**Q** 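Sharing a structure, written as structure tokens. Questions coming.
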Amino acid sequence: MIYIIVAAIISAVAFIVFQNKAIRTTYYKLTVPIDKQLRILHLSDLHLAVFGKNQSILIKKVQSKHPDIIVFTGDLIKKNSKKTKSALILMKGLVKCAPVYMCFGN
């Protein structure tokens with residue numbers, strides 16, 4: 001019984017620590033009546049997460065997708081946080097990949 005409790009605690013801690021560090025890629029193909037293909041990369045809910053030195057892991061992942069535009073739909077930073085350095089580094093790297101459009105909050 002104690003092993004199950006310990007395993008549950010370890011699993012819960014691992015989930016809390018790593019849930020915002022995972023990069024998940026999902027692809028959707030939409031058919032719309034236009035002649036040009038547009039590759040839109042959508043980011044959301046990073047909450048000041050750090051992905052390698054100077055956000056290099058996430059920036060390289062974004063670059064590898066060759067987006068035409070990047071949309072960021074909220075929760076880049078945490079509420080009332082004054083530690084925004086990682087967010088600024090990420091945005092500076094992303095604007096070099098493609099035009100970035102973002103909104104704050106959800």
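Hydrogens, waters and symmetry mates play no part in the numbers below; they use all other heavy atoms, side chains included. This structure is a prediction, so every number in the text was calculated from the model and none was measured. We're numbering straight along the sequence, starting at 1.
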**Q** Is there a path from Leu43 to Ile40 through hydrophobic residues (I, L, V, M, F, W, Y) whose side chains come within less than 4.5 Å of each other?
**A** no
**Q** Which other residues belong to the hydrophobic cluster containing Ile89, where Ile, Leu, Val, Met, Phe, Trp and Tyr are joined when side-chain heavy atoms lie under 4.5 Å apart, directly or via other members?
**A** none
**Q** Would you say Leu38 ends up clustered with Tyr101 if hydrophobic residues are merged whenever their side chains have heavy atoms under 4.5 Å apart, either directly or through other cluster members?
**A** yes
**Q** Let me have the donor-acceptor pairs involving side chains of residues 56-72, under 3.5 Å, with sequence neighbours excluded, atom names and distances please.
**A**
residue, atom, partner, partner atom, Å
Ser56, OG, Lys53, O, 3.1
Ser64, OG, Lys61, O, 2.7
Lys65, NZ, Tyr27, OH, 2.8
Asp68, OD2, Arg39, N, 2.6

**Q** With heavy-atom distances below 4.5 Å as the criterion, would you say the side chains of Phe51 and Leu46 are in contact?
**A**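 Yes. Closest side-chain heavy atoms under 4.5 Å.
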**Q** Got Leu94 and Leu41 here, is their nearest side-chain heavy-atom distance under 4.5 Å?
**A**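 The answer is no; the side chains never approach within 4.5 Å.
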**Q** Do the side chains of Leu48 and Met102 join up, straight or via other hydrophobic residues, at under 4.5 Å, putting them in one cluster?
**A**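 Hydrophobic grouping puts Leu48 with Met102.
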